[in-house]
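Numbers here simply count residues along the sequence, with the first being 1. Computed from a predicted model, the values in this text were never measured in an experiment. Order of listing sets the numbers, starting from 1, for every ligand and every atom in it.
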Amino acid sequence: MALSGVGNDRGEMRILENLDELRTDLADYIAELSEVAVKERGVFAIALSGGSLIGLMGKLCEAPYNKTVDWGKWYIFWADERVVAKSHSDSNYKLAKDGLLSKVQIVPSHVHSINDSVSAEEAADEYTFVIRQLVKTRMVSVSDISDCPKFDLILLGMGPDGHVASLFPNHAALDEKDEWVTFITDSPKPPPERITFTLPVINSASNVAIVVTGESKAEAVHMAIDNVGPDSPSLPARLVQPRKGKLVWFLDKPAASKLDGLQFSE
Ligand SMILES: O=C1O[C@H](COP(=O)(O)O)[C@@H](O)[C@H](O)[C@H]1O
């Protein structure tokens with residue numbers, strides 16, 4: 001059973017009893033957003049992250065979702081990617097392909113992964129170009145309050161340090177206001193070279209979900225949602241504040257264990 005708390009500007013919180021319930025709730029949420037976007041726009045533009053998120057999306061490969069979701073209408077992107085070969089175990093693309101994309105009826109030409117044979121800077125520029133083309137053809141909407149692409153859904157994980165996508169605490173990439181996709185070559189978490197959506201793009205999405213599990217992330221969840229601690233205002237996860245879109249946190253109980261001030265309804 002989900003305990004839901006509607007927060008303030010910190011979004012909606014869904015705190016699930018265990019990982020199995022979290023996987024089901026997350027699959028329901030993604031399937032519903034996909035259905036709505038396909039009805040309204042004819043397509044569903046979704047950006048994935050790497051890490052634990054893909055395993056938590058696993059129910060989508062099972063019945064009923066594998067049959068009911070309109071996979072042919074999905075356009076897939078990455079909110080961040082490590083600049084390594086697509087066959088490398090560090091590749092977020094490989095993780096998603098092995099764990100999800102190869103198990104459902106995705107159209108291969110709708111999968112927009114980065115060019116892994118160029119530098120991080122070139123990969124970020126090329127990825128921006130790819131997204132621009134898809135904005136022109138309206139496969140990806142455009143925000144009416146920024147010149148940014150407006151993804152139907154951006155799915156984020158969060159590290160114990162509060163990083164989301166490849167936006168790390170105190171990193172200059174957090175201040176990027178002009179680019180849609182930027183690059184870093186000094187990631188504190190290996191591998192060092194990455195590309196990442198910038199905050200303006202993340203905050204222009206129609207929907208953003210941050211999916212976090214485990215006790216090791218409880219302190220960062222507390223800082224981000226309760227906005228406590230000297231570093232919390234600049235914590236990357238705290239800076240995820242969709243301007244017009246909806247933010248939802250999916251948490252298991254250990255990740256939510258340090259939250260305060262919640263008003264739950266069952
Ligand atoms: O390096 C990364 O880490 C984050 C968090 O990963 P997790 O395994 O702790 O969930 C992930 O969201 C991001 O995409 C990835 O590149």
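Of the N and O atoms on the side chains of Q241 and N203, not one donor lies less than 3.5 Å from an acceptor on the other residue. A donor atom on one side chain and an acceptor atom on the other are found under 3.5 Å apart for H171 and D186.
For the pair S49 (side chain) and L155 (backbone), a donor-acceptor distance under 3.5 Å is present.
S166 pairs in a side chain to side chain donor-acceptor pair (under 3.5 Å) with only one of the listed residues (T196, T182, N92, D80), which is D80. Each of F151, W180, F77, W78 was checked for a ring-ring contact (aromatic ring centres under 6.0 Å, His included) with F197, and the lone residue meeting it is F151.
Counting protein heavy atoms only, atom 16 (O) of ligand 1 is closest to D80 OD2, 2.6 Å. Ranking the protein heavy atoms by distance from atom 11 (C) of ligand 1 puts G50 O, 3.9 Å first. Looking only at protein heavy atoms, the nearest one to atom 1 (O) of ligand 1 is R82 NH2, 2.9 Å. The protein atom (non-hydrogen) at minimum distance from atom 3 (O) of ligand 1 is K189 NZ, 2.8 Å. Looking only at heavy atoms of the protein, atom 9 (O) of ligand 1 is closest to K217 NZ, 2.6 Å. Regarding atom 8 (O) of ligand 1, its nearest protein heavy-atom neighbour is S52 N, 3.0 Å. At the shortest separation from atom 4 (C) of ligand 1 among protein heavy atoms lies H163 NE2, 3.2 Å.
Those atoms of ligand 1 that come under 4.0 Å of a heavy atom in R194, given as number and element, are 1 (O), 2 (C), 16 (O). Near N92, the atoms of ligand 1 lying under 4.0 angstrom from a non-hydrogen atom of the residue are 14 (O), 16 (O). For ligand 1, the atoms sitting less than 4.0 Å from at least one non-hydrogen atom of S49 are 12 (O), 14 (O), numbered in the order shown with element in parentheses. Taking a cut-off of under 4.0 Å to the non-hydrogen atoms of G157, the atoms of ligand 1 that pass are 12 (O).
Residues forming a side-chain contact (heavy atoms from CB on, under 4.5 Å) with R41 (at least two apart in sequence, or on another chain): V43, A45, S141, D152. Residues satisfying the salt bridge (Lys or Arg N to Asp or Glu O under 4.0 Å) criterion with E219, sequence neighbours excluded, are K258.
Using a 4.5 Å cut-off on side-chain heavy atoms (C-beta onward), Y65 and V104 make no contact.
Using a 4.0 Å cut-off between heavy atoms, L156 makes no contact with ligand 1 at all. Under 4.0 Å from ligand 1, not a single heavy atom of E81 appears.
A distance of 10.0 Å separates NE2 of H222 from OG of S257, quoted to the nearest 0.5 Å.
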